[in-house]
Number of protein chains: 2
Amino acid sequence: MNTKLNTEAFLNDFSISCSCVQKKYFTKNQVITTYIQKRNQICILLSGEADLVRYDLNGGRSIIEHFVPNSIFGECFYNVTVNNELSVEAKRNCEVLIFSYDNIFKKCKESCKFHNTLSENLLKMLTNKVIDLNTRIEVVTQRTTREKILGYLSILSTKNNSKNVTIPFSLTDFADFLSVDRSAMMREIKNLKDEGIISKEGNKFTFLQ
Amino acid sequence: MNTKLNTEAFLNDFSISCSCVQKKYFTKNQVITTYIQKRNQICILLSGEADLVRYDLNGGRSIIEHFVPNSIFGECFYNVTVNNELSVEAKRNCEVLIFSYDNIFKKCKESCKFHNTLSENLLKMLTNKVIDLNTRIEVVTQRTTREKILGYLSILSTKNNSKNVTIPFSLTDFADFLSVDRSAMMREIKNLKDEGIISKEGNKFTFLQ
DNA sequence: ATATTTCAGTTGCAAATACAACGAACTAGC
DNA sequence: GCTAGTTCGTTGTATTTGCAACTGAAATAT
């Protein structure tokens, strides 16, 4: 898997030839979309970085997913419930393609190149999303804060084939991503440093030995 | 979403006309597949019930996913690492279709009906899987054992549109699914009962008002 | 029919984690 | 360069959770 997506060509075709898609721009901290009501919306992040964030009723905050270019998201992948509020927040300036799930199967009159390759590309994007979500579950199902931290860092380390990993979060957001209290996470990072397992400078971590 | 899949017809076509797929049968407690080595395998559960289970190095056990008919799984959706062992275990007798990810795009000579509808069906199956995984993340990212229990039960309750929910697990497995200690879970269930929030009989829970 | 294993339900205790709070360091805007 | 708002790093304390252990009930195997 991890098939390289030829999204640039694919998506340019889309925006040129197909009327059922919108390309939108968002600035840092803007809300790209919310998962409050069902509308079968699909979004594809073309550039930038964004997080799917949940605010609990008691003010707690969790980062559910972290999106990078080629990530696919939208409330159509979610069971929308009233229990909590989900929104996708731009972490930097973002370009986003937005269309409806129904458009996937409705081929447009001109039978544009986009629609011809859409299914295959979507399949690959969705497969990658499933892999990402499974990786996410791998981390948050770890029982202890220590295992969550090490689990996430070692996945990054394997991915980049390097003992050095830079988390794409502030430490505050990292705690929200791991679903743990920030001070508890900091304490555990301190323990890992004291035990000589990792070192840390800002949000760059290094596995020692 | 939640489009009803016409999988019976779809999958019968597959098994009749296409040589690139295998249909296999498993009895209760048999291992259907493992996620130890990369081989781009896709499985579709036709009947029965199965769990994706992780055994940690220190003997801990987590139920990562719970599969029902039409669930799609396989190591092709997973970043296989050496850190832990993942396997899919049949909870009852199971019928499973097994084929390779690569076969999706290689149309067979006869251009069987299966290959004609495969992409669309896979898209729907994958979309459903993404929804399932997001639901899973919704539960395990809850911060406390109480919120995990209530979160899972209320999702089931909403889904079935009933105050009564029956979990598809033993209580021991339920704890592994929520990624919490069994005794801690039992204690919290007791608290919820004492506080009059839920009642419980076996693995059937009821929300009280 | 009986033995063996698994599961449910508890509990005491130790360990991990959340909560609250604070000052220092850093960032962004004016 | 100053100010306001975040983020980082830390700590004391209360609460939650995990661990270990055990009993009786239920399920499964012999």
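Proteins get letters first, then strands, A, B, ... in listed order; numbering begins at 1 in each.
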Trainee: B:R187 or B:L171: which one's nearest nucleotide on DNA chain C is closer to the 5' end?
Mentor: B:L171
Trainee: Testing the basics here: between A:L150 and A:I198, what is the closest heavy-atom pair and its distance to 0.1 Å?
Mentor: CD2-CG2, 4.4 Å
Trainee: Per the atom types in the model, does the base of D:dC19 pair as donor or acceptor with the side chain of B:S183 at under 3.5 Å?
Mentor: yes
Trainee: Just the rounded figure in Å: distance from C1' of D:dT11 to CG of A:D194.
Mentor: 14 Å
Trainee: Could you check whether A:R136 makes a cation-pi contact with A:Y152, meaning its NZ or CZ is under 6.0 Å from the centre of the six-membered ring and within 45° of the ring axis?
Mentor: no
Trainee: For residues B:L122 and B:I72, determine if any side-chain heavy atom of one lies less than 4.5 Å from a side-chain heavy atom of the other.
Mentor: yes
Trainee: Could you check whether A:K148 gets within reach of a base, just the sugar-phosphate, or nothing at all, counting any heavy atom under 4.0 Å?
Mentor: nothing
Trainee: What are the two closest non-hydrogen atoms of A:I137 and B:I64, and how far apart are they?
Mentor: CG2-CG2, 3.8 Å
Trainee: Measure from the side-chain heavy atoms of A:S170 and tell me the nearest of D:dC8, D:dG18, C:dT17.
Mentor: D:dC8
Trainee: Is B:Q41 reaching over with its side chain to a backbone N or O of B:I98, donor-acceptor style, under 3.5 angstrom?
Mentor: no
Trainee: Please report the distance, rounded to the nearest Å, between CD in B:Q142 and P in D:dT17.
Mentor: 12 Å
Trainee: Counting heavy atoms from C-beta on, name the nucleotide in D:dT7, C:dT17, C:dC7 closest to the side chain of A:T172.
Mentor: D:dT7
Trainee: If you pin A:R143 and A:D173 to their nearest nucleotides in DNA chain D, which one's is more 5'?
Mentor: A:D173
Trainee: Categorize B:K193 for me: base, sugar-phosphate, or nothing, with a 4.0 angstrom heavy-atom threshold over every strand shown.
Mentor: nothing
Trainee: Looking at every non-hydrogen atom in both residues, tell me the closest pair between A:Y55 and A:S87 and how far apart they are.
Mentor: CE1-OG, 4.3 Å
Trainee: Could you check whether B:R182 gets within reach of a base, just the sugar-phosphate, or nothing at all, counting any heavy atom under 4.0 Å?
Mentor: base
Trainee: Please determine if a side-chain N or O atom of A:K200 lies less than 4.0 Å away from the OP1 or OP2 oxygen of D:dG9.
Mentor: yes
Trainee: From CD of A:E188 over to P of C:dT17, roughly how many Å is that when rounded to an integer?
Mentor: 6 Å
Trainee: Show the distances under 3.5 angstrom between N or O atoms of the protein and N or O atoms of nucleotides 26-30 of chain C.
Mentor:
none

Trainee: Starting at atom CG of A:N191, determine the distance to atom P of D:dT11, rounded to an integer number of angstrom.
Mentor: 11 Å
Trainee: Select one nucleotide: of C:dA8, D:dC19, D:dC8, the one nearest the side-chain heavy atoms of B:D181.
Mentor: D:dC19
Trainee: Would you kindly give the CE-to-C1' distance between A:M185 and C:dT17, to the nearest whole Å?
Mentor: 13 Å
Trainee: Would you mind classifying the nucleic acid contact of B:T144 as base, sugar-phosphate or nothing, using non-hydrogen atoms under 4.0 angstrom?
Mentor: sugar-phosphate
Trainee: What is the distance, rounded to the nearest whole Å, between atom CG of A:L150 and atom P of C:dA16?
Mentor: 14 Å
Trainee: In whole angstrom, what separates B:M186's CE from D:dA25's P?
Mentor: 15 Å
Trainee: Report the residues that fulfil side chain to side chain contact (heavy atoms under 4.5 Å, CB included) with B:D181, sequence neighbours left out, ordered by chain and then residue number.
Mentor: B:S183, B:A184
Trainee: Atom CZ of A:R61 and atom C1' of D:dT7: how far apart are they, to the nearest Å?
Mentor: 12 Å
Trainee: Applying the side chain to side chain donor-acceptor pair (under 3.5 Å) test to A:T144, which of A:R146, A:E147, A:Q142 qualifies?
Mentor: A:E147
